[in-house]
Amino acid sequence: MLSEKVTCNSHGQDSSYFLGWEEYEKNPYDEVKNPKGIIQMGLAENQLSFDLLESWLEKNPQPMAFKNHNNQSIFKDLALFQDYHGLPAFKNALVKFMSEIRGGSVSFDPNNLVLTAGATSANETLMFCLANPGDAFLLPTPYYPGFDRDLKWRTGAEIVPIQCSSLNGFRITKSALEEAYKQAQKQNLKVKGILVTNPSNPLGTSLTLHELDLLVNFISSKNIHLVSDEIYSGTRVVSAATKMSSFGLVSSQTQYLLSEILSDQKFTTTYLSENRRRLKERHEMLVNGLKRSGIACLPSNSGLFCWVDMNHLLSSNTFEGEMELWKKIVYEVGLNISPGSSCHCSEPGWFRVCFANMSEETLELAMQRVKSFVDSMAKQNNVQSRHQKIMNRNSRRTKSLPKWVFELSYHQREIVVDER
């Protein structure tokens with residue numbers, strides 16, 4: 001008999017976000033083996049600069065062979081038990097790198113870093129540290145669909161949405177913060193903090209200084225936490241999270257390899273510059289490709305995805321209409337994208353579309369599929385529109401006929417019936 005924790009629906013696997021992944025895995029696109037398959041545009045993963053990393057590894061074979069700079073094996077040292085605080089060499093290299101990518105304007109203490117095996121583990125660890133079962137965190141909408149799993153499933157914490165609107169580009173407002181807090185109180189939930197992603201997933205936008213001021217003032221007035229994917233400040237949370245991180249450690253071998261890469265400042269500088277250029281180029285390719293199909297994106301400045309407005313393609317301005325369109329895009333167009341409802345967006349018609357996990361040729365094919373789909377919808381709508389105009393014209397003609405024509409027609413019909 002399995003535990004209720006693994007059999008309940010709070011994991012979020014029934015979300016359209018995960019269902020889209022399932023459909024993709026059944027029929028994945030391959031340029032040669034399955035050219036009509038589903039293209040994965042629901043994966044926020046940067047695959048644009050793997051060649052740069054592979055080139056570094058070819059030029060620096062020692063780390064992959066677990067050898068130091070003197071070409072001596074350190075395999076045994078890495079294979080033995082390691083303190084879950086992490087390798088000092090890796091943490092030192094990481095804080096230096098984090099400072100460099102911020103232009104040296106911020107410094108970090110390696111003692112305040114907690115290493116986890118991915119962001120999912122980090123988010124869950126923070127929830128365990130900050131919230132008791134039944135406590136709540138406020139999250140601005142739309143938000144990453146996986147948070148319903150990462151933050152709630154095993155911790156017992158709850159999420160209360162901060163409803164943001166397209167009227168101001170989905171920016172956080174003071175009234176939205178206050179309303180979310182009131183909603184939590186109505187549900188008898190103790191609010192322990194606010195969690196934001198910066199840049200936003202799925203919006204691809206960075207928080208403005210005004211939003212940051214609002215958040216800091218709000219958490220100060222309510223005496224609650226602020227959790228961001230950029231900030232892990234040195235409080236009591238670090239001590240607790242370090243203990244929790246033993247359940248999701250990063251292997252010593254991985255830490256060693258990453259410490260060697262991050263310590264190569266010449267490489268990291270080149271990598272960051274080239275990676276940003278490639279991301280910008282691919283972002284523009286997606287935005288312009290959708291624009292050619294009459295589809296607009298929310299202006300964004302970061303991230304691996306765009307927040308796309310397809311409201312005008314809905315059969316009805318409802319979430320049912322959104323799901324109908326999403327199913328057509330997945331099954332007929334062959335693209336896995338994430339509907340806004342899976343991100344808890346309060347307005348139907350928005351979709352998250354990723355662009356950095358595929359080749360340029362695959363993205364171009366995806367844009368061609370979108371264009372063909374939108375064009376076919378336009379033709380279908382034109383046919384329906386012409387048909388409706390004819391029906392309306394015939395209706396007007398009928399209404400304009402004199403009353404005696406209808407009476408005569410009815411009388412003739414009675415005669416025909418009598419003759420039968």
Using a strict 4.0 Å threshold on nitrogen-to-oxygen distance, state whether [X] and [Y] make a salt bridge.
X	Y	result
E179	K182	no
R369	E332	no
D213	K174	no
E23	K26	yes
K371	D375	yes
K192	D135	yes

Any side-chain heavy atom of [X] within less than 4.5 Å of one from [Y]?
X	Y	answer
P61	L57	no
Q40	T362	no
M323	S16	yes
N317	P348	yes
Y256	F90	no
S49	L52	yes
I162	L177	yes
T205	R171	yes

Would you say [Y] and [X] are linked by a side-chain donor-acceptor pair, where the criterion is simply a distance under 3.5 Å?
X	Y	result
Q187	Q183	no
H85	N111	no
Q265	T268	no
Y144	D150	no
N357	N46	no
W56	D264	yes

Tell me if a side-chain donor or acceptor on [X] pairs with a main-chain N or O of [Y] at a distance below 3.5 Å.
X	Y	result
N336	M41	no
E260	L257	no
W350	S166	no
S293	I295	no
R282	M358	yes
S300	S302	no
K91	P110	yes
S372	Q368	yes
T208	E211	yes
T141	C164	yes

Residue pair [X] / [Y]: nearest heavy atoms and the distance that separates them:
X	Y	result
T116	V250	O-CG2, 3.2 Å
V106	S99	O-OG, 2.7 Å
A44	R352	CB-NH1, 4.0 Å
L151	N123	CD2-CB, 3.6 Å
S200	F305	O-CE1, 3.3 Å
L43	C354	O-CB, 3.4 Å

Separation of [Y] [atom2] from [X] [atom1] (nearest 0.5 Å):
X	Y	atom1	atom2	value
I224	K190	CD1	NZ	11.5 Å
W326	L314	CH2	CG	14.5 Å
E31	I39	CD	CD1	10.5 Å
C297	L286	SG	CG	5.5 Å
L48	R278	CG	CZ	7.5 Å
K379	M377	NZ	CE	14.0 Å

Aromatic ring pairing Y271/F267, orientation class (parallel under 30°, perpendicular over 60°, tilted between): tilted
Plane angle bin for F170 and W307 - parallel if under 30°, tilted between 30 and 60°, otherwise perpendicular: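 W307 vs F170 ring planes: perpendicular.
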Would you say [X] has more than 12 foreign heavy atoms packed within less than 6.0 Å of its [atom1]?
X	atom1	answer
E284	CD	yes
N223	CG	no
H210	NE2	no
K96	NZ	no

Verdict with reasoning, R154 to F128, per side-chain contact (heavy atoms from CB on, under 4.5 Å): CA-CA 9 Å; R154 297 197 300 183; F128 271 121; 4.2 Å; yes
Steps toward side-chain contact (heavy atoms from CB on, under 4.5 Å) verdict (E361, L365): CA-CA 6 Å; E361 294 74 19; L365 173 61; over 6 Å; no
Among L139, L138, L226, the one residue meeting side chain to side chain contact (heavy atoms under 4.5 Å, CB included) with V196: L226
Criterion side-chain contact (heavy atoms from CB on, under 4.5 Å) on H283 and F355, from CA distance to verdict: CA-CA 7 Å; H283 172 268; F355 58 80; 3.7 Å; yes
CA sep, side-chain torsions, deciding dist, call: I329, V370, side-chain contact (heavy atoms from CB on, under 4.5 Å): CA-CA 8 Å; I329 293 174; V370 170; over 6 Å; no
Charged tip of K328 within 45° of F373 ring normal and under 6.0 Å: no
Candidate pair D148 and Y143, rule side chain to side chain donor-acceptor pair (under 3.5 Å), full reasoning: CA-CA 9 Å; D148 291 320; Y143 62 76; 3.0 Å; yes
